[in-house]
Amino acid sequence: MPNIKIFSGRSRQDLSQKTADRLGQELGKVVTKKFSNQETCVEIGESVRGGDVHIVQSGCGEISDNLMELLIMINACKIAPASRVTAVDPCFSYAQDKEDTSRAAISAKLVVNTLSIAGADHIITMDQHASQIQGFFDIPADTLYADPAVLKWIKENISEWRNCTIVSPDAGGAKRVTSVAERSNVDFALTHKEPKKANEVDRMVLVVYVKDRVAILVDDMADTCGTICHAADKLFSAGATRVSAILTHGIFSGPAITHINSAGFEAVVVTNTIPEDKVKHCSKIQVIDISMILAEAIRRTHNGESVSYLFSHVPL
């Protein structure tokens, strides 16, 4: 594709490379380094004048450093000057904040504003943790969904998928699981959790029966994995024969791997929006590649085409 440039931040260089390969492009040359005082320095190593630039950087790892790196890369390309700069942030940075207490910040809105001020003309992300984030954008933004890839994995890897129940580990994911269940024509269930505080669950109630059925937990992200492990225990005690979990963003911080290893999951499936380096510590974790979805979204936006096809199809 002429006039398109793809650059990678340091958070997801392998995902960036896979995305560029699917588009038949070379990753753009960029040098990122730290000064002795730990300030980030970015140098774009090739001309982007008049180009349609896409910068892939996911909100993971050292999130604040990676976000700052993304902002500097956007600004460097914008003043080069590129004709359009798109931030491809599959796991959107600071998306877990919510104003549920007085004087709490809404960091996601601040991140959106900062990306725009840095010079981003367009944002591509995937499965935002809170749907209201879509209303924060004052510039064009496309939110992609892992649902088609999730359905594909279920049908290819679970032989009794026609007799399964898609389960949301909390009320916030009800819309997601009903969509997946309706597309696969299976039942869905819901668990209701009462959190003590962030990343800790006090009590959980299963709303629908799952006796003698395969249960598949579906959620947008898992951090310490306390919620999905509590949900798995509840499903087993309710009579589920097998339990798997499918998560778009596998953050797996703190005791997450210990929780997964001690739970009765048959498999915990994540996409590669976040580095899958913790897979080696847990044989239950499997990874779905979503580079083809990002690549097709980039191709379609570059050509001025709709991305709605990707809401129900996995590109080849």
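Judged purely by distance below 3.5 Å, without hydrogens or angles, the side chains of Ser64 and Tyr94 pair a donor atom with an acceptor atom. Side-chain contact annotation: Ser8 with Gln13, donor-acceptor N/O pair under 3.5 Å absent.
The ring-ring contact (aromatic ring centres under 6.0 Å, His included) search around Tyr309 returns His313, not counting sequence neighbours. A search for side-chain contact (heavy atoms from CB on, under 4.5 Å) contacts involving Asp187 returns Thr165, Arg213, not counting sequence neighbours. Listed by chain and residue number, Ile257, Cys282 satisfy the side-chain contact (heavy atoms from CB on, under 4.5 Å) test with Asn261 (two or more places apart in sequence, or in another chain). The side chain to side chain donor-acceptor pair (under 3.5 Å) search around Asn75 returns none, not counting sequence neighbours. Legend: residues meeting side chain to side chain donor-acceptor pair (under 3.5 Å) with Ser283, ordered by chain and number and at least two apart, are absent. For the side-chain contact (heavy atoms from CB on, under 4.5 Å) test, residues two or more places apart in sequence or in another chain that qualify with Val269 are Trp153, Ile246, Ala267, Gln286, Ile288. Among residues two or more places apart in sequence or in another chain, the ring-ring contact (aromatic ring centres under 6.0 Å, His included) test is passed with Phe7 by none.
Under the 3.5 Å distance criterion, the side-chain polar atoms of Thr301 are matched with a main-chain donor or acceptor of Ile298.
By the 4.5 Å side-chain criterion applied to Ile, Leu, Val, Met, Phe, Trp and Tyr, Leu110 is assigned to no cluster and stands alone.
Pairs of residues two or more places apart, or lying in two chains, that qualify as salt bridge (charged side-chain N to carboxylate O under 4.0 Å, His left out) and include a residue from residues 127-147 are Lys109-Asp138. Counting only residues at least two apart or in different chains, salt bridge (charged side-chain N to carboxylate O under 4.0 Å, His left out) contacts with residues 68-83 comprise Arg10-Glu69, Lys78-Asp121. Residue pairs that meet the salt bridge (charged side-chain N to carboxylate O under 4.0 Å, His left out) test with at least one member in residues 241-262, sequence neighbours left out, are Glu160-Arg242, Arg242-Glu266.
Taking a 6.0 Å sphere around CG of Asp277, one finds it holds more than 12 heavy atoms contributed by other residues, nucleotides or ligands. The local environment of CD in Glu62 is sparse, with at most 12 non-hydrogen atoms from other residues, nucleotides or ligands closer than 6.0 Å.
Salt bridge present: Arg22 and Asp289 bring a charged side-chain N and a carboxylate O closer than 4.0 Å.
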N/O donor to acceptor pairs below 3.5 angstrom from side-chain atoms of residues 36-44, sequence neighbours left out:
from: Asn37; atom 1: OD1; to: Glu39; atom 2: N; distance (Å): 3.1
from: Asn37; atom 1: ND2; to: Glu39; atom 2: OE2; distance (Å): 3.4
from: Thr40; atom 1: OG1; to: Lys34; atom 2: NZ; distance (Å): 3.3

